[in-house]
Amino acid sequence: MAGDLAEYHAARMDTALYGVNDPKALFKQLEGKSEWQRKQIIDAFNKRHGGGNAFLRIADDQFGAESLDAQKARLVLDTPDDPFTGLQKQLPEDFVLRYAQDSVWNRAAKTIDANVKLFDKYPSLAFLPGVAGLVGQAQTASYFMRGWGVDSDKVKDVLKGKSKEEIEELKKKYPELEADLRYCLSGRNAFEVDLMLREGVPVTAEDKVKRALALYEFDRGSAGGGGLGQKIAAGALLGPFAAFVDSGKLANRLVDQFTPSGTLLDKRAAELREQLAALKQNGSLTGEQQAHLDATLAMMDASTSTYLESRDEIVGAVATVVGAVVGAGVTLLTGGAAAPILAALATGVSQIAVKAAMLGHSYGRNELGVDIAMTMVQMATAGIQIGGDALRRCSPDHQRRHRQRRVGVRADRDHEQGRARPLGAPRAGLEGWDRRLRVGSCEHDGAEGRGARDGEARGEGLRQRGWGRREDARRLRLGRSEQRGEHVRGGDRRSEHARGQLGRRVREAEPLVRRGRVPERAQRRCGRTPAAHRADPP
């Protein structure tokens, strides 16, 4: 049973290394396992790859021998269990912090910044044609993608509970700790981590209350609001009314309309302020007061988590609605081939403006970069769609169908206006009365000829319209090509039969005439109106 489980995890490790490497999925198969379980899994993995120490060899080949992923593979393999707890010892904290920041985006940003420093050393290079624009674009991309893929929760887990002295010892092992964390973190995560690095874990009751109130002021007070970006975004959304609205409290007022989490958070903060004032006045707390303070701090943490989740959901929903409305408005106002691209741009910009106006400093650089990237993806998708539609319109089949549809529409329009439809025009949208009343025309689908009162008079009419084939115009085209040899001669049985058929069809069309569905010009084309047929039936 244990061997089957080891084979299962070894197969999952193979899957993580297949195609695009997924080191997190690879190490997940080893995390939380005891030392003997890890040994069984790695032995099964080595057997699948020819034996020996294949695990470390493949890790070096796939991730790079100097990469943090390869270093973590060695640490996971060599770190023994704690003899007292039986669990694997914690990896070195400085390595955990470095590994939490190790993402392809963060590495790319650091590489870009390292190469751009050349222009700081040699400023004259920036004057080369096209170089300055590329440098600016590279710096902008580096600025926004620094924190993508960074595990901020793991960073806070390592720093949580450490005193100021322990933080200083950690900085000695990792001298670039503060600079690296400031480089990749932003928003509330950066604010909270900065408090941990500067102050460590709060020890006294007064320090605990001050830490909780500091986070409250950033989340719901004035510390997290304001800023030039928030003022610009609020001005763009509210226009002249922005001067009368506190942009730092937009999210608070919005969230309070949908959930009581904000008001509960305000209530907990007010209680903490009262307890802090009592603490400063008395200098110490009784056992009952300390228990009450601890309970208030616990409820403060829970209320903060609930409020942040509710705020993110509500602000995200509002941003989506505003973006959809703005995009639809731009589409209606602009139109044309570039309308989808402009709509995608307007949608993304409006969503960013809503989040910046409502969240303030909580809307970090990382979130802004993600939203900008999503906007660019949507614009690119719209551009691809426009290009595909243009190529489709240029295809021969589409142009042929478009010509046929255009000819059919023109023929229908001419017919409704009383003009004769050209011979051979595609048939589209014809009514039943057309087949009954149109006399002497040859339809595209080979409908039968209509006849006339007498052949010679009808032939004269056909000759005047250009439909006759000879000068005497005594031959009448009837229906399909096999019927074209038939003749309609004046005074014979065929002419009488044609007149009878004409009268019958006109009588059938009388209900349509009364309803106004048959144009008068089409009635006159038959040579007599339905009223005339009623008065003098054939």
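Quick note: numbers below take in every heavy atom, side chains included, and nothing from hydrogens, waters or symmetry partners.
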task: Before giving the answer on salt bridge (Lys or Arg N to Asp or Glu O under 4.0 Å), spell out for R74 and D60 the whole-Å C-alpha distance, their side-chain angles and the decisive distance to 0.1 Å.
output: CA-CA 10 Å; R74 296 186 181 90; D60 290 343; 2.9 Å; yes
- request: May I ask you to decide if S34's main-chain N or O and Q37's side chain share a donor-acceptor pair within less than 3.5 Å?
  value: yes
- prompt: When you check the gap from the basic side-chain N to the acidic O, do D312 and K355 get nearer than 4.0 Å?
  reply: no
Closest heavy-atom pair and its distance - W105, M145: CB-O, 3.5 Å
task: Please name the pair of heavy atoms, one in F258 and one in I314, separated by the smallest distance, quoted to 0.1 Å.
output: CB-CD1, 3.7 Å
field: Identified salt bridge (charged side-chain N to carboxylate O under 4.0 Å, His left out) partner of E93 from the options K162, K154, K171, K160
entry: K162
message: Looking at A138, is its backbone amide N or carbonyl O close enough to the side chain of S142 to form a donor-acceptor pair, meaning the two atoms are under 3.5 Å apart?
response: no
Side chain E169, main chain E165, donor-acceptor under 3.5 Å: no
query: Do NZ/NE/NH1/NH2 and the carboxylate oxygens of K172 and E168 come within less than 4.0 Å?
result: no
query: Does T296 use its side chain to pair, donor to acceptor, with the backbone of L272 at less than 3.5 Å?
result: no
message: Between E199 (side chain only) and M196 (backbone N and O only), is there a donor and an acceptor less than 3.5 Å apart?
response: no
field: Side-chain donor/acceptor of S186 to backbone N/O of N366, under 3.5 Å
entry: yes
Side-chain donor or acceptor of E367 paired with backbone N/O of G364 under 3.5 Å: yes
query: When you check the gap from the basic side-chain N to the acidic O, do D194 and R198 get nearer than 4.0 Å?
result: yes
query: Above 12 or not: heavy atoms from other molecules or residues under 6.0 Å from NZ of K24?
result: no
- prompt: Is the side chain of Q289 donor-acceptor paired with the backbone N or O of T286 at a distance under 3.5 Å, no angle test?
  reply: yes
- request: Determine yes or no for a side-chain-to-main-chain donor-acceptor pair under 3.5 angstrom, with K33 supplying the side chain and Q29 the backbone.
  value: yes
Within 45° cone of F144 ring axis and under 6.0 Å: R365 NZ or CZ: no
message: Does either side chain, that of Y307 or that of R311, offer a donor lying less than 3.5 Å from an acceptor on the other one?
response: no
Test item: N106 side-chain N/O and G147 main-chain N/O as donor-acceptor pair under 3.5 Å: no
- prompt: Does the pair D94/R98 count as a salt bridge with the N-to-O cut at 4.0 Å?
  reply: yes
- prompt: Given side chains that start at C-beta, do those of S163 and V203 come closer than 4.5 Å, heavy atoms only?
  reply: no
message: Would you say D151 and Y99 are linked by a side-chain donor-acceptor pair, where the criterion is simply a distance under 3.5 Å?
response: no
task: Please round to the nearest 0.5 Å and tell me the distance separating atom NE2 of H9 and atom CG of D4.
output: 11.5 Å
message: Taking R188 first and then E217, would you say they form a salt bridge - that is, a charged N and a carboxylate O separated by under 4.0 Å?
response: no
- prompt: Does a salt bridge link K72 with E31, judged by any charged N lying under 4.0 Å from a carboxylate O?
  reply: yes
message: Using 0.5 Å steps for rounding, measure from the CG atom of D43 to the CZ atom of R48.
response: 13.5 Å
